[in-house]
Number of protein chains: 2
Amino acid sequence: MNAACSVSPLGLRERKKLRTRRAIRDAAYRLFAEQGFDATTVDRIAAAANVSTSTFFRYFPTKEELVLSEDPPARSLSEELAARPADEPPLTALRNALHAGVERARSDPGALRRARQRMELIASVPSIRDRLHEAMAGPGRAALARALATRTGRAPDSLETNVLVGAVLGAFREALLHWAGTEPDTDVTDLFDRTVDALARDLTT
Amino acid sequence: MNAACSVSPLGLRERKKLRTRRAIRDAAYRLFAEQGFDATTVDRIAAAANVSTSTFFRYFPTKEELVLSEDPPARSLSEELAARPADEPPLTALRNALHAGVERARSDPGALRRARQRMELIASVPSIRDRLHEAMAGPGRAALARALATRTGRAPDSLETNVLVGAVLGAFREALLHWAGTEPDTDVTDLFDRTVDALARDLTT
DNA sequence: CCGGATCTGGGAGTCACTATCATTTGAGAG
DNA sequence: CTCTCAAATGATAGTGACTCCCAGATCCGG
């Protein structure tokens, strides 16, 4: 009892839920790789994960969200951004935050490879790709807006700040989709640097 | 025969198709306004337009596309952009192209009002709003990329150009969504100017 | 006016997703 | 250990978007 409790602060119930969530995700990604996203029914995923179809929808609101809900970049990005000195201009802070984020991701060696595979899936399924812009922001969008607003002196909910958030998300959506079409060992840092450079150099009056 | 042909270069068949397309769209918008997007079934729209459900899907691939396929801004924007002098920097050309586009839209007095109502619908339905980014580009995306690429010296299919396209679309997606939440008589030109200003002033290194 | 292409309506079917209810299972109190 | 309650699960039925297919109607060119 005590031994089990000290190992994990979560009760059996919570641990089971995490296991189920993971089982569904793993089964889904395996089947997507084998037969493609559209050809894989939710019933089939649920069966492969040994749960009922009802349970699938209790864990994921839609089949697309199973792919999109994982790791919305805006959350971690806004945290890294908030950690940068306040006097860095927006694009410099963004570049440094991205470097820090990639660096942190390298601590888990499989993380980049999994992210890359996920992006390949997203890029190859139109219905998911279309919703990537919104999904990238996710619930972390407000935090991203605040992080950018502190560097521009605008209000976090102003048109100007929202425009900035939209532009940054739109830019990195392209960067990520581009990544999915490159050699698997392409360095993400280079890609992000080129993206920030493009925003800084080519978006001029 | 000759009379009819001189009035319209389209045969009876083509004219009927246009009328049907318009009938479906009008019926749909009317029903959406009355009962909302989600509560309006495709069967109901088809019945109101006096066509079968099959015919609905022959004219529009999905219910969402009925709203999104109308007037993708990237097409007209890329045309106005191509008409600007080649030595204007990207954001200046973009601003002037937007002015020209809005000016042209004013020739049809109902156009802006309809566009505004359409944006209110898009902004209020999450499943449509999520897909707005892709829909804004539409088939005119390639032309927009070319128009921007000529001003930056980049290749039209380069990462840098795609990043620029994504940023511009992301920025104006926010502008349009903001527009949908403002007073109905808000001037679009001001909105677009503020958007371009935000890109120029706040997106700095 | 006729032969072929095209458009339409109808019906059957798939699949994502929702709502509901009975059953099971982990959590916590005694 | 047991009892109770809340939460998780599974099964079922249903809705609605969308596809496929076929038979009949409509338009078009010769």
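What you see is a predicted model, and the numbers here were worked out from it, not measured in a lab. Here is how names work: the chains are called A, B, and so on, in the same order as the sequence lines, proteins then strands, and each is numbered from 1.
Under a cut-off of 6.0 angstrom, the local environment of CZ in B/Arg30 is crowded, with over 12 non-hydrogen atoms contributed by other residues, nucleotides or ligands. Crowding of A/Arg104 atom CZ: a count of heavy atoms from other residues, nucleotides or ligands under 6.0 Å not exceeding 12. Under a cut-off of 6.0 angstrom, the local environment of CZ in B/Arg118 is crowded, with over 12 non-hydrogen atoms contributed by other residues, nucleotides or ligands.
Looking only at side-chain heavy atoms (C-beta outward), A/Met136 and A/Arg141 stay at 4.5 Å or farther from each other. Between A/Leu94 and A/Leu77, some side-chain heavy-atom pair lies under the 4.5 Å cut-off.
Considering every non-hydrogen atom in both B/Arg21 and B/Tyr59, the closest pair reads NH1-O, 3.1 Å.
Distance alone, capped at 3.5 Å, is enough to place a donor-acceptor pair between the A/Thr40 side chain and the A/Gly36 backbone. Listed for the B/Thr20 side chain is a donor-acceptor partner under 3.5 Å among the backbone atoms of B/Lys16.
Boundaries of the chain B contact region on DNA chain D are D/dG16 to D/dC28, first to last in 5' to 3' order (nucleotide atom under 4.0 Å from a heavy atom).
Atom C1' of nucleotide C/dT25 and atom CZ of A/Arg19 are separated by 14 Å, given to the nearest angstrom.
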Any protein N or O atoms within reach of nucleotides 28-30 of chain C? Criterion: under 3.5 Å, listing atom names and distances.
none

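A donor-acceptor contact under 3.5 angstrom links the side chains of B/Arg116 and B/Thr182, judged on distance only.
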- For each nucleotide in nucleotides 8-19 of chain C, reading 5' to 3', give B when a protein heavy atom comes within less than 4.0 Å of its base, S when such contact involves only the sugar-phosphate, and - otherwise. BBBB---SSBB-
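From A/Tyr29, atom OH reaches atom CD of A/Glu34 across 15.0 Å, with rounding to the nearest 0.5 Å.
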